[in-house]
Amino acid sequence: MKVIAIKQGYFGKLRAPDDVFEVPDGEKASWFTPVDKKGAAEGRGDAKPSDGLKVDELKAALVAKGIAFPDGAKKDELAALLDAAPQTQP
């Protein structure tokens, strides 16, 4: 199942808050929570489209939406652009 870290922890490697990763079904820990099928963490109403994405994933999402970004844009700048974009429903 897909989970998101809500604080630092270790599962196969050190995980930082907002890391999204797979664990065996039913696995539980105090530092991560399951992610629902829409990609939002259960019990976290503040989920953003950029949550858990790496720089290359942010860039791909922006390109897919036709949103331009500067060549030297930092991760937080890319995330802000993606989060501010209109969201389409699947």
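Remember, it's a predicted structure, so these values are computed and weren't measured experimentally. Sequential numbering from 1 along the given sequence is applied to the chain's residues. Heavy atoms only: backbone and side chains are in, while hydrogens, waters and symmetry mates are out.
Counting all heavy atoms, side chain and backbone alike, Ile67 lies closest to Ala85 at CD1-CB, 3.4 Å. Between Glu57 and Lys54, the closest heavy-atom pair is OE1-N, 2.7 Å.
Between the OG1 atom of Thr33 and the NZ atom of Lys28 there is a distance of 10.5 Å, given to the nearest 0.5 Å. The distance from atom CG of Leu53 to atom CG of Leu82, rounded to the nearest 0.5 Å, is 6.5 Å. Atom-to-atom distance recorded for Lys59:NZ and Asp71:CG is 8.0 Å, nearest 0.5 angstrom.
Residue Trp31 is grouped with residue Met1 when hydrophobic side chains (ILVMFWY) are merged at heavy-atom distances under 4.5 angstrom, including chains of intermediate members. Under a hydrophobic clustering in which Ile, Leu, Val, Met, Phe, Trp and Tyr are joined whenever their side-chain heavy atoms come within less than 4.5 Å, directly or via other members, Val3 and Phe11 fall into the same cluster.
For residues 74-86, the set of pairs meeting the side chain to side chain donor-acceptor pair (under 3.5 Å) definition, not counting sequence neighbours, comprises Ser50-Asp83.
Cation-pi geometry between Arg15 and Phe32 is not met: the NZ or CZ atom fails to fall both under 6.0 Å from the ring centre and inside 45° of the normal.
Lys65 places a side-chain N or O within donor-acceptor distance of the main-chain N or O of Pro86, the cut-off being under 3.5 Å.
Proximity of Val55 to Leu78: side-chain heavy atoms (C-beta onward) are separated by under 4.5 Å at one or more points.
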